[in-house]
Amino acid sequence: MSIARLTDAERAEALAALPVWHLREDGLAIVRKLKFADFNAAFGFMTRVAIQADKVDHHPEWFNVYNRVEITLTTHDASGLSRRDVEMARFIDAIAPQA
Ligand SMILES: C[C@H](O)[C@H](O)[C@H]1CNC2=NC(N)=NC(=O)C2=N1
């Protein structure tokens with residue numbers, strides 16, 4: 001099912017409210033890097049994100065090495081950013097350890 005891509009104004013507003021995320025160079029995704037105490041903490045976090053992702057049918061692109069996780073959010077069905085990315089970013093920020 002298709003979902004609307006954010007307008008430039010909506011994207012700017014969303015990013016202003018997500019200060020720990022940055023816009024990917026092509027403007028089609030947002031990225032956040034996280035660091036945890038160890039692999040167990042990183043993978044525990046990823047598991048919680050995975051359960052939420054499946055629940056809302058919106059899945060992250062991510063990369064993990066030991067205690068580091070890099071998350072990219074984009075909406076494939078919109079070929080860019082949608083409100084689903086913003087909602088997922090908010091969920092991630094809510095469960096991420098404080099920086
Ligand atoms: C069929 C299924 O609903 C879609 O393919 C969903 C699954 N998860 C998804 N995840 C992301 N990140 N973008 C999508 O467009 C997307 N679409």
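Order of appearance sets the numbers: ligands from 1, and atoms from 1 within every ligand.
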Flag if over 12 foreign heavy atoms under 6.0 Å of CZ, Arg68: no
Heavy-atom nearest option to atom 7 (C) of ligand 1, drawn from Leu73, Ile3, Asp57: Asp57
Donor-acceptor side-chain pairing of Ser2 and Asp77 below 3.5 angstrom: no
Can you check whether Thr74's main-chain N or O pairs, donor with acceptor, with Arg24's side chain at less than 3.5 Å? no
Hey, which atoms in ligand 1 end up nearer than 4.0 Å to a heavy atom of Thr74? 11 (C), 12 (N), 13 (N)
For ligand 1, which atoms, with element, lie under 4.0 Å from some heavy atom of Thr75? 13 (N), 15 (O)
Between Arg32 and Asp93, does any NZ, NE, NH1 or NH2 come within less than 4.0 Å of an OD or OE carboxylate oxygen? yes
